[in-house]
Structures are given as structure tokens and as C-alpha cells.
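Heads up, the thing below is written out as C-alpha cells.
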Protein chains: 4
Amino acid sequence: MVEPAGIGRDQLRSIVERIEKLEEERAAIAGDIKEVYAEAKANGFDTKTLRQVVRLRKQDSAERQEQEALLDLYLHALGMIPDENR
Amino acid sequence: MVEPAGIGRDQLRSIVERIEKLEEERAAIAGDIKEVYAEAKANGFDTKTLRQVVRLRKQDSAERQEQEALLDLYLHALGMIPDENR
Amino acid sequence: MVEPAGIGRDQLRSIVERIEKLEEERAAIAGDIKEVYAEAKANGFDTKTLRQVVRLRKQDSAERQEQEALLDLYLHALGMIPDENR
Amino acid sequence: MVEPAGIGRDQLRSIVERIEKLEEERAAIAGDIKEVYAEAKANGFDTKTLRQVVRLRKQDSAERQEQEALLDLYLHALGMIPDENR
DNA sequence: TCGCCTGATAGTTGCC
DNA sequence: GGCAACTATCAGGCGA
């Protein structure tokens, strides 16, 4: 049964407000992250690479290797071996 | 010149750690939001509708601002600058 | 199971080529759009404003559709299904 | 001088319509691309890897190696050498 | 629960 | 060369 019209009104308002509050907080943190990247950039770091590093640290190494292996497979099938020293 | 290997080491570590800390916080908040939706659902609300309501409320204010921006642009294009602080 | 090395070779090549062909076409159209803006600019129009107009026209129809969708959702949530083809 | 209000009216309409027409075409092609990926997926290919392949083919290899070198530098500074056989 | 799809986020490109 | 718009990728939510 869905919440009847009259009854849930205050509850609905409360829910929406809580969500909006949390979304604001989340946006604020996103802003902080952006700032850190900006500061890093100002100190001579390459943000693109930084993001890559952060992503790699998050990713499980097993999964990472698997993905690399698959890519190799495809590139090989296309005759595009990216680096023969690999 | 990009940050040389030896120099930025500690700085690099600090940057990465700050970002990871912030991303954790952001993820925690995302979890809270999820909980609110789950709770709402348990109370009989339709989450899809709730999400759309939240989205529309966000859009409304964004849209309003954009309309204002457009007006400004037109006024500018016509040489009728409405606000000298622009 | 992912596509084994030998089997999908020609198929893989075909897929990649089709995608690349389509991406070229898309890029060509993007170029045409750019040209139109450039021409408009040469005729004294403000491109930023033009872009905003185009964007808003798109948004308007999207918004209208979303509002309709929201109405549907509410009617559904209240057990008043407006359209059995849904 | 910006285009005066009355004069450019038809021209403005024409511009906007041409742009919208082109954007539709572009969207149609984007849809085609999506279809190709979907079809590939249905045939057992991994779309994420496919996208990577397409991207790599577009990217100049010199640039690619440069980016890899930079990443290595950062990972090294963090003590995270991703693959010692490299 | 899994796969799909939409919405959020990150990256690229073009303009100023 | 920095910033803003646009595009592509990714992740989370929804429906089967």
C-alpha cells in the first residue's frame, strides 16, 4: 500500500529535506576534492595522472591485471601490439 | 616542468591521502542518502517518485538561474547592461 | 566467457571499423555545427547566447516530458493509472 | 555592432533550425554507435575493453608512452610499482 | 540477483 | 594559458 495523500505529508517533507541536506554536504566535499586537485596542479602535479593514480589504488590489482590481459588480447587480434617489450 | 621524482614524494603522498580521505567521506554520505531512501521505502513511499521530486526541485532553481543568465545575455547583446557588477 | 582470441578476430575488426566510421561521421556533423555558429558570429550574432537558446529549447521539451512522467508516477502511486499501454 | 532586434529575426530562426537539425543527426549517429556496442556485447565482447581499443587507436602512440611514463613516476614515488616485470 | 539504463562524474576540447 | 562547455565514461538504481 502506498502512503495515503494526507497522512505522509510531514514525513514526506522531512524525507526530502534530509536528502537535500545530505546532497549539499556531498556537494561540499566534492568541492573540497576539486580544491585539492587544483592546489596540486598549482604545485606542478599533473591532475590527469593524479586521478589515474587514485583510481588505480582503488582498483583491485587482480581485476587490474585481468583488464590488461583482455586489452592485450584484443589489440593482438587487431595486430596492434602496443609494446613488444611487454 | 612536471614535479621531479624525488622532490614531491611526500607532497604527492599527502595529496593522494587527502583525496582518498575526502572520497571516503563522500561515499559515507552517499550511504546515508541511500539509507534515507530505504527508510522512506519501508514507510510506503515510492523511491522513484521521491528521486524525481528531488531532481525537479534541483532543476527548478537551476533553470531559474539559467533563465536569468539568458536575460542578462540578451540585455548585454542589446547594449543594455542591467548590472554594472557583472 | 569472453570472446576467445582466434574466433572473433574478423568480427572484432569489423566492429571497430564500424565504430570508427560512425565516429568520423559524427565528427563531421560536429564540424558543420561549428561552422553554423561561426557563420552566425560573422553575421553579428552572439554565439554564447545562441548556444544558450538552443540549450533551453532542448531543455524545455525535456522538462515537459519529465513533468508528464512525474504526473504519471503520481497517478500510478495513487492507483490511478492513466494509460494502460504503459 | 550586434544584430538589431527586427532585422535578424528570420536569420536567427534559420540558424537555430539548422543547428537543431544537425544536432538531431548527430544524436542519431550516437544512437547507431550505441547499437554497435550493444551488438558486440551480445556477441560476447567486453564493451569497456572495446572502448579502450578505439580510444587507443585514436591516440598517438608517442603521447601514450609519455602518459605511461608519468604514471610510472608517480606510482614509483608512492612505492606502488604496478608490475615489476615491466 | 543480474543485466540494463539512466544519471552523476571525469576528461577533452574550444574559446577567451 | 586558464576557464567553461560539451562529450564520454562510470557507477548506482531499477526492473526482469
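Labels below follow one simple rule: chain letters A, B, ... track the order of the sequence lines, proteins then strands, and each chain is numbered from 1.
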Nucleotide [N], atom [atom2] - distance to [atom1] of [X] in whole Å:
X: A:E24; N: E:dA8; atom1: CD; atom2: C1'; answer: 18 Å
X: A:L71; N: F:dT9; atom1: CG; atom2: P; answer: 14 Å
X: D:I29; N: F:dT7; atom1: CD1; atom2: P; answer: 13 Å
X: C:L50; N: E:dG14; atom1: CG; atom2: C1'; answer: 16 Å
X: A:E63; N: F:dA11; atom1: CD; atom2: C1'; answer: 13 Å
X: A:E23; N: E:dT9; atom1: CD; atom2: P; answer: 9 Å
X: D:I19; N: F:dA5; atom1: CD1; atom2: C1'; answer: 14 Å
X: C:L22; N: F:dT7; atom1: CG; atom2: P; answer: 17 Å

So [Y] and [X], do their side chains get closer than 4.5 Å, heavy atoms only?
X: C:V53; Y: C:L56; result: no
X: B:K34; Y: A:L22; result: no
X: D:R64; Y: D:S61; result: yes
X: C:V54; Y: D:E23; result: yes

Exercise for the section: Look at all strands and tell whether D:K58 reaches a base, only sugar-phosphate, or nothing, counting heavy atoms closer than 4.0 Å. Expected result: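 The residue D:K58 makes no contact with any strand.
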Less than 4.0 angstrom between a side-chain N/O of [X] and OP1 or OP2 of [N], yes or no?
X: C:K41; N: E:dC15; answer: no
X: B:R51; N: F:dC14; answer: yes
X: C:T47; N: E:dC15; answer: no

Choose from [options] the nucleotide whose nearest atom is closest to any side-chain atom of [X].
X: D:R55; options: F:dG13, F:dT9, F:dA5; value: F:dT9
X: B:K48; options: E:dA8, E:dC15, F:dG15; value: F:dG15
X: C:R26; options: F:dA8, E:dC4, F:dG13; value: F:dA8

Handout entry: 5' priority, DNA chain F, between B:K34 and C:Y37 [closest heavy atom]
Key =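 In this pair, the answer is C:Y37.
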Exercise for the section: Map C:E66 and A:Q52 onto DNA chain E by nearest heavy atom, then report which one ends up closer to the 5' terminus. Expected result: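 Going by which nucleotide is closer to the 5' end, it is C:E66.
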Handout entry: Donor on one side chain, acceptor on other, D:Q67 and D:Q59, under 3.5 Å
Key =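 Result is no, nothing qualifies.
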